Protein chains: 2
Amino acid sequence: MTNTATRSLYEDYIKEMQTIADLRYASAVLQWDQETYLPPKGAPIRGQQIATLSEIAHKHFTDEKLGALLQELLAGDKLSADEKRNVELTWQDYSKQKKFPSSFVRTLAEAVNKSFHSWMEARKANDFSFFANDLARLIELKKQEADMLGYEHHPYNALLDDHDKGATVQLLDGVFSAIQQPLKELLGKIASQPVADDSFLRQHYNKDKQWQFGLQVVKELGYDMEAGRQDISEHPFTTNFNSKDVRITTRIDENDLSNMVWSCIHEAGHALYEQGLPLTEYGLPLGEPASYTIHESQSRLWENHVGRSRAFCERWLPVLQTYFPEQLGRVSLEQFYKGINKVEPSLIRTEADELTYHFHIMIRYELEKLLIGGAMNVKDIPGYWNEQYLTLMGVKVPGDKQGCLQDVHWSHGSFGYFPTYSLGSYYAAQFYSYANQSITDLNGLIKQGNTTPLLQWLRNAVHQKGRRFTSEELCKDICGETLNIEYFTGYLLGKYKDIYNF
Amino acid sequence: MTNTATRSLYEDYIKEMQTIADLRYASAVLQWDQETYLPPKGAPIRGQQIATLSEIAHKHFTDEKLGALLQELLAGDKLSADEKRNVELTWQDYSKQKKFPSSFVRTLAEAVNKSFHSWMEARKANDFSFFANDLARLIELKKQEADMLGYEHHPYNALLDDHDKGATVQLLDGVFSAIQQPLKELLGKIASQPVADDSFLRQHYNKDKQWQFGLQVVKELGYDMEAGRQDISEHPFTTNFNSKDVRITTRIDENDLSNMVWSCIHEAGHALYEQGLPLTEYGLPLGEPASYTIHESQSRLWENHVGRSRAFCERWLPVLQTYFPEQLGRVSLEQFYKGINKVEPSLIRTEADELTYHFHIMIRYELEKLLIGGAMNVKDIPGYWNEQYLTLMGVKVPGDKQGCLQDVHWSHGSFGYFPTYSLGSYYAAQFYSYANQSITDLNGLIKQGNTTPLLQWLRNAVHQKGRRFTSEELCKDICGETLNIEYFTGYLLGKYKDIYNF
């Protein structure tokens, strides 16, 4: 194939991929609107509109003409390395999507929409049974999806792979079994010490001032408000419609400052990743994030390694004190730092500390394996859940709303997603350790409110690479080794030794 | 064809039409977002995303399969009258759209996006020349559009027909030449009387309170906030994504109360129409408004016949006085009524009174005829504009921003739209006169804040009929006669005689 012919084919490829991206991001706008501004009576038809866009995007992406185009490009030899990688990754995605009939995609989208609403009803009623039938239907569809995708060893592998290419039950079983004991031991040591006092976080904090403070923080961290915005939603999330329009949401609890602050930083971490993806690759794999896991590594890195560090407290406590002199005027740096890092087994995943968080994930991971493997019935979820919370963390679940109904994910049909939260944390510790080695006096910089060098390091190490590598490949590219959980356990041990003096 | 076969075909028809509606309304959500919440750097790709959705919707709508389906349905005899009307109207639309190649639709959408941005720049610079090239390009495309559509007598007829089926240069020339003299005479009589005092409107009015008041008004008029919402945008507009999600926007000028109040009522008038369309006909012609003209008849009816009536002032001035005691506490009902109905030639169309408004439209109408007819160059627009404002209204235009750049319409590629504003006013007067005859003591009801009977009358007379009739057919259906401008001139004469005592 001549160079000119290759150019022309590659242009066609970009055009078609951008059309598909336009459809998918349009759907994302409709979903963002649904979570933020949609009037209640508009919900049913909105669900239909989103399903239609998904179906049309899927039809475009699985069109035989695109397949032929990809084949032709792959057969040639005139593409640059980046272009070749784009086409290869698209071919992988294409081959995967070809396994789903369009009707299945629509059925799934509609089932998700239905079960999202029944999940909300079930939460309102604090009764899992309202959600059980729709969830069972969704799990049935996810099993079908796993069968269509194909897998080795366990059907759950197909769904894991979808969130983090290459992640398997074998990998996760290994990671979780290796980490469970050290975390338990650490938790035991902490439990033998006096409980940290975080009561200062649970006073009345004015909504508008919280909102202002959250914005000030995310802006200073480098979130570009000209290429994004923050809104209120019931569950904080980040979404993007291209790298110049990356939106975050938060929620504000007037009686708990921590809810807003670290969710803002968490979502900003996601958003900084999206804003750092190359716009020139809009619609192409190299313009996309590497995986859900790597996405989470970015949010966790900012939320925990930066946002819960002593240096960060030194930068922001004085500012917080000017916003809330009555509530925080007499709280010392040490009190604040210890309070925001309090470790205590709890009910709600999103409010959990950095240590016990992973028990929340392990429970969900085991549950998902059982459900997708067909080894558990949906009706048995609440019983299993409550028992596991008691066994692993000694926590008694008072009702489904604070138990197995607390997360939106299953209602979205997201199975295989939760484990990426833990993996993300482990990669975050590893990446941060390397960043810390590369950047002179990173702590000092954070103390001064200068996180630009860190952001720049992440831009180079992670963001600008798009989807070029899998999580493990990226880790190796950055650190010279694949995932090593000792970075994470070492980080926690060091931090809590210091805080709890053992 | 058997009944069962017809049912099945009609179901296919509905499914395809709803898919197209989903695409079009998704595009409308993206546009709404663009006008309200889009971060500035997101604009370029947003334009591309909207263009892609337009193109795909157009491809679906002009698919030969849909044409064949429509033909088959039209050949049968088992459809109900409503179903038949849906199919007939769709066939008309289909035949029209088939005249445009998809590439033309995309070219037009992209040209619109480009010229919208250059229009904004030109406004900022107060210099038409920044907009001239993109506008010239758009006019070229609109001429091509007219040629593709076909027309008799004047290419502008093709564009008028697109906004109001059956409207022609002949009709409008007749209407405007008949109305111009009576309006001029009326203006002369008013000008010979003491000028009404509306200075109380131009004090400082707190933004939040204005916002609250506007919401209270539109809710009482019957706008369902569970099926809609209000936001801020630079130019107030109404948009809808189905009849259960109809959104309005407003703008608030802290130094001019009138800006917000009557634009809220105006947009609520549009929104009440959309909320009154039958949801069961989602995606089908009978679920759509009759025409731009009839749409405007609804907004004008609420804005002027209700919102600028003495009865309305009796209902709302006391409420306004509780919001703004300092500014309005000493303004009497008569002062208020006269002030909000002050007649005075002015520069800005959207701020014009009910009488001189139509001179603004006549100028734009003549201009559009000249431009689309090829009898005027784009570069000559400012000169013509300024000269006409001086001749018709004695108003000197200080710059393009307050002159030929004041309206967004041309930058949207909307030619043939402005005349529907005047026609809408004339129909509004005619409809309102009939409503007034049908509803016992309509004025007394408005005074009490009870506009439910009026809304119900409009629901029955106009809203629920969807696109069944053209503007003129609908008028005949409601009033037993087609457009008769004497309702409008009679209404104005009665009103201003009373206010100006001549």
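Quantities reported herein were computed from a predicted structural model and do not represent experimental measurements. Order of the sequence lines sets the chain letters (A, B, ...), proteins ahead of strands, with each chain counted from 1.
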Task: Electrostatic pair B/Asp245:A/Lys41 at N-O distance under 4.0 angstrom - done: no
Open item on the list: As a quick check of understanding, evaluate side-chain contact (heavy atoms from CB on, under 4.5 Å) for B/Thr19 and A/Ile56, giving each step before the final call.
Closed with: CA-CA 9 Å; B/Thr19 297; A/Ile56 294 175; 3.9 Å; yes
Task: Choice from A/Leu279, A/Leu23, A/Leu30 maximising heavy atom contacts with chain B below 4.5 Å - done: A/Leu30
- [ ] Answer yes or no: is there a side-chain heavy-atom contact under 4.5 Å between A/Gln48 and B/Asn242?
- [x] no
- [ ] Tell me, yes or no, whether the heavy-atom count around A/Gln464 atom CD, taken from other residues, nucleotides or ligands under 6.0 Å, exceeds 12.
- [x] yes
Open item on the list: Check this for me: B/Lys98, atom NZ, are more than 12 non-hydrogen atoms of other residues, nucleotides or ligands nearer than 6.0 Å?
Closed with: yes
Open item on the list: To the nearest 0.5 Å, what is the distance between CZ on B/Phe241 and CD on A/Gln49?
Closed with: 8.5 Å
Task: Evaluation steps, side-chain contact (heavy atoms from CB on, under 4.5 Å), between B/Asp22 and A/Leu53 - done: CA-CA 8 Å; B/Asp22 290 344; A/Leu53 291 180; over 6 Å; no
- [ ] Locate the shortest heavy-atom distance separating A/Arg229 from B/Pro39; write the atom from each residue and the value.
- [x] CD-CD, 4.3 Å
Open item on the list: Can you tell me which portion of B/Tyr282 sits under 4.5 Å from chain A's heavy atoms? Options are side chain, backbone, both or neither.
Closed with: side chain
Task: A/Arg247/B/Leu38 under side-chain contact (heavy atoms from CB on, under 4.5 Å): CA gap, chis, key distance, verdict - done: CA-CA 10 Å; A/Arg247 304 186 186 186; B/Leu38 185 74; 3.5 Å; yes
Task: Geometric class of the A/Tyr37/B/Trp32 ring pair [parallel <30°, tilted 30-60°, perpendicular >60°] - done: perpendicular
TODO: Return the option, out of A/Asp231, A/Val246, A/Asp224, A/Thr52, with the maximum number of heavy-atom pairs under 4.5 Å with chain B.
DONE: A/Thr52
Task: Top contributor to chain B contacts, counting heavy-atom pairs under 4.5 Å, from A/Lys244, A/Gln18, A/His60 - done: A/Lys244
